[in-house]
Amino acid sequence: MVTTQVKEFQVSNDALDDGDELHRRLALDGYIFIRGLLDPQPLWDLRLQMLEVMRQGGWLQAGSQVSDGVANVSKKCAEGDPEYLAVYKNIQRLEAFHRLPHDPAIISLMEKIVGETVLPHPSKVARLWFPQNTLHTTPAHQDFVHFQGTYDTYTCWTPVGDCPIELGPLAVLVGSQQSGEVFDHHFALGAGGLAVDTGTLSDAWVSSDFASGDALIFPSRTVHQALPNVTRDRLRISLDNRYQAQSQPIAEHQLLPHLHRVDGQTWEDIYPHWPSSDLNYYWQDLSLTIIPSDTSRQERSFDEALALASQGDELARPLLVRIVRRDPSSPQATAAQEALAALDEHTGGPPSH
Ligand SMILES: O=C(O)CCC(=O)C(=O)O
Ligand SMILES: [Fe+2]
């Protein structure tokens, strides 16, 4: 959680055509923030398509305007929960969701940043964050621990629709990439399930109200987190996609649909839902350097969650319950079940709220 005052992003529209200045700001601050990088109209169109998928999943308040994104809070869930995955699989089947990150405005900016032909990662990411669910706010982390490949991978975070501060946009820790370190990460709730201990770092957090079309770009060692969605009933919908020079190594999981590791979804499942095929397997004819993915941090974090539960720490419960519900027959679920039994012994059972 951000504990101190969050200051405003520096806006970098003035440097959009100046590669050297973009590099200088990325090296100094660890981010650039561009107002109106993307045409808002395709984002509004995508928003409607995404919200329609959520409506079909029962996530919207009955009788509300779909475009308003008013949540049916009784359906609230978080990334990785089976109910989340059921809706997310259908978001992944939207062609527009995969096409928008290839927008020339982003590609040409990324080209200035990486200095050569850009590879947009095939894995495209959306976040669908419920209100009244702040326990699952994305914790402080560096993207390298998740996406790997090259340090010179850049994330572009954009809301789908407006995202004022109360809806929980992304915040960046200014200059946190400067040491070049990949910090130790530990078990946490929230997207990715890994958090860096910010205790020894500065408290120079920055963020802003985002309008649809605004974009935040940062390299893979910049520490960032989401602000909590403190609205009463609004869903926060965003995209975070990754870009790198085509000549740099990419980790193999980034060639698969996001959350493939937990829901098993493949391109063969996604593509038949698209009206056109020009983006299908667009990376396969490129000569890429594909390297193995490293899941050791995720495995260590799971072991930490088991240990926390055995010591009576409730923080681990939502993750362990999720793992059991997702696939009770998996070896992870067996370990989770044992740890949950130990947790119940400590605490007398799950909290009643
Ligand atoms: O949107 C979020 O809450 C998480 C996004 C994130 O961590 C990222 O864009 O790298
Ligand atoms: Fe991230």
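These numbers come from the heavy atoms of this one structure, side chains and all, not from hydrogens, waters or symmetry mates. Read the numbers this way: they start at 1 and go in the same order the structure lists the ligands and their atoms.
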Nearest to atom 2 (C) of ligand 1 by heavy atom, Asn229, Thr138, Thr222: which?
-> Thr138

Heavy-atom nearest neighbour of atom 10 (O) of ligand 1 within options Leu170, Asp143, Leu128 = Asp143

Could you tell me whether a side-chain N or O of [X] sits under 3.5 Å from a main-chain N or O of [Y], the two making a donor and an acceptor?
{"X": "Asp103", "Y": "Ala105", "value": "yes"}
{"X": "His185", "Y": "Phe183", "value": "yes"}
{"X": "Asn229", "Y": "Gly168", "value": "no"}

Tell me, do [X] and [Y] make a side-chain contact under 4.5 Å, heavy atoms counted?
{"X": "Thr295", "Y": "Arg261", "result": "yes"}
{"X": "Glu95", "Y": "Pro275", "result": "yes"}
{"X": "Arg47", "Y": "Ile237", "result": "yes"}

Can you tell which of Asp214, Asp209, Asp14 makes a salt bridge (charged side-chain N to carboxylate O under 4.0 Å, His left out) with Arg35?
-> Asp214

Is there an N/O/S atom in Asp240 at a distance below 2.8 Å from the Fe ion (ligand 2)?
-> no

Presence of N, O or S from His141 under 2.8 Å of the Fe ion (ligand 2) | yes

Hey, which atoms in ligand 1 end up nearer than 4.0 Å to a heavy atom of [X]?
{"X": "Arg242", "result": "8 (C), 9 (O), 10 (O)"}
{"X": "Trp157", "result": "1 (O), 2 (C), 5 (C), 9 (O)"}
{"X": "Thr155", "result": "9 (O), 10 (O)"}
{"X": "Ala226", "result": "3 (O)"}
{"X": "Ser238", "result": "1 (O)"}
{"X": "Phe218", "result": "10 (O)"}

Does Ala191 come within less than 4.0 angstrom of ligand 1, counting non-hydrogen atoms of the residue?
-> no

Is the closest heavy atom of His136 to ligand 1 under 4.0 Å?
-> no

Nearest protein heavy-atom contact for atom 9 (O) of ligand 1: which residue, which atom, what distance?
-> Asp240 CB, 3.0 Å

Residue and atom name of the nearest protein heavy atom (relative to atom 6 (C) of ligand 1), distance in Å to one decimal | His224 NE2, 3.8 Å

Could an N or O of ligand 1 be found under 3.5 Å from any N or O of Arg236, whether backbone or side chain?
-> yes

For His141 and ligand 1, does the shortest N/O to N/O distance drop below 3.5 Å?
-> yes

Given NE2 of His224 on one side and OD1 of Asp143 on the other, what angle do they make at the Fe ion (ligand 2), to 10°?
-> 90°

Residues Ala126 and Tyr88: closest non-hydrogen pair is N-OH, 3.1 Å

Exercise: identify the closest heavy-atom pair between Leu320 and Leu306 | CD2-CD2, 3.9 Å

Salt bridge check: are Arg127 and Glu79 linked by an N-O gap of less than 4.0 Å?
-> yes

Cation-pi between Arg242 and Phe147: NZ/CZ under 6.0 Å from ring centre and within 45° of the ring axis?
-> yes

Could you see which bit of Val125 sits under 4.0 Å from ligand 1, with heavy atoms only: side chain, backbone, both or neither?
-> neither

